Amino acid sequence: LTLSPALVESLRESARSGDVKAMSLLGQALLRAGSTPADLREAEATLAAADRAGDAEAPAVLAMLSATGVGAPRDWTRAMGLLVVAAERGSANARGQLQTLGSEAVHADGGGQDWARLAGSLDLTAWTQHPAKRVLSVTPRVATMEGFVSPRVCAWMIARADERIAPAQVFDAETGAASFADARSNSAVEFGFGDLDVVQALLRAYIALSIDVPEGALEPSQVLHYAVGQSFAPHYDFLDTRVPGYAIEAATNGQRLATFLIYLNDGFEGGETDFPLLHLRAKAPPGGALYFANVDAAGAPDPRTLHAGLAPTSGEKWLLSQWVRSRGPN
Ligand SMILES: O=C(O)CCC(=O)C(=O)O
């Protein structure tokens with residue numbers, strides 16, 4: 001939901017005159033890219049007013065704020081409680097999140113529409129334990145983690161991405177702009193702050209924990225889609241600091257230390273992540289993660305990390321791609 005300034009202003013007018021839907025939409029629009037601290041405060045106040053007036057979506061957005069810890073300390077219990085309120089008022093999004101996060105035992109027991117029960121069954125301990133890793137290469141570090149997330153989380157991420165996927169772009173160091181290139185024939189969607197939800201907040205926290213980096217070092221997550229024949233040609237994820245544009249980017253937002261991939265589906269052939277210089281081709285079952293360092297022990301770009309997303313030869317491939325910086329933005 002990205003709106004022009006004129007539309008935001010007209011929503012503000014309607015919200016002032018007590019239009020609850022306008023309050024909720026205004027709150028959501030204010031959380032989109034480029035929001036200032038003042039936008040955030042206005043969004044919170046507007047969403048809280050919409051929530052008090054019984055809006056179904058506002059509590060789901062407030063749940064996201066609680067889950068990300070933006071504006072107030074992170075509070076998972078409050079976030080889940082707000083999702084239950086939204087679900088009970090009919091929010092399909094909140095219902096989907098609770099079904100994604102609830103335990104399989106509750107689903108098996110017929111509790112798949114029991115919002116409070118689903119919320120209560122969230123196993124927070126499982127999201128805060130380091131997953132087991134299998135090291136495929138020591139230097140540069142390449143490792144897999146089986147069953148990193150559940151099939152329900154994979155399905156949720158595919159559905160969120162499928163709503164607005166578009167051809168992938170590459171970052172141009174000369175102009176600093178994103179552009180389309182033959183090197184990437186696949187599609188991609190990036191999840192900015194306003195696109196987040198409780199499921200994604202948990203996922204991002206878990207990724208950061210599993211590789212021992214602060215959450216602030218995670219770039220916006222992306223979901224990639226490859227149809228048969230589509231690929232991401234061999235490339236590096238580190239910022240080559242010999243190129244002035246990348247040096248500025250690395251100095252501003254940190255070097256891209258690592259790449260964390262989650263395979264979201266199966267039913268495709270080919271489509272491995274290929275490391276030609278390491279003679280390694282990796283692919284994980286759905287929910288499995290593949291993680292690799294892009295820099296050496298001294299933090300310098302490691303050219304051995306050259307890698308490609310190979311084209312599926314049948315089926316389609318969905319992948320979550322998480323680039324990790326050396327620190328949060330300056
Ligand atoms: O699709 C793949 O397997 C690789 C993705 C990739 O290269 C990246 O996200 O940097």
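Atoms within a ligand are numbered from 1 in the order they appear, just like the ligands themselves. Small disclaimer: the values here were computed from a predicted structure and weren't measured.
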So, is the end of the Arg164 side chain (NZ or CZ) under 6.0 Å from the ring centre of Phe191 and within 45° of the ring's axis? yes

Which residues satisfy the ring-ring contact (aromatic ring centres under 6.0 Å, His included) test with Tyr291, sequence neighbours excluded? none

List, for ligand 1, each N/O atom that has a protein N/O partner under 3.5 Å away, with both atom names and the distance.
| unit_1 | atom_1 | unit_2 | atom_2 | d |
| --- | --- | --- | --- | --- |
| ligand 1 | 1 (O) | Tyr226 | OH | 2.5 |
| ligand 1 | 1 (O) | Lys317 | NZ | 3.0 |
| ligand 1 | 3 (O) | Thr273 | OG1 | 2.5 |
| ligand 1 | 3 (O) | Lys317 | NZ | 2.8 |
| ligand 1 | 7 (O) | His235 | NE2 | 3.1 |
| ligand 1 | 7 (O) | His307 | NE2 | 3.1 |
| ligand 1 | 9 (O) | Ser321 | OG | 2.8 |
| ligand 1 | 10 (O) | His235 | NE2 | 3.2 |
| ligand 1 | 10 (O) | Asp237 | OD1 | 3.1 |
| ligand 1 | 10 (O) | Asp237 | OD2 | 3.0 |
| ligand 1 | 10 (O) | His307 | NE2 | 3.3 |
| ligand 1 | 10 (O) | Trp323 | NE1 | 3.4 |

Does Arg256 come within less than 4.0 Å of Glu219, counting only side-chain N to carboxylate O? yes

For the rings on Tyr226 and Phe232, is their centre-to-centre separation under 6.0 Å? no

Compute whether any side-chain donor of one residue and acceptor of the other, for Glu269 and Ser314, lie under 3.5 angstrom apart. yes

Once the angle between the rings of Phe148 and Tyr206 is folded into 0 to 90°, is it parallel (under 30°), tilted (30 to 60°) or perpendicular (over 60°)? parallel

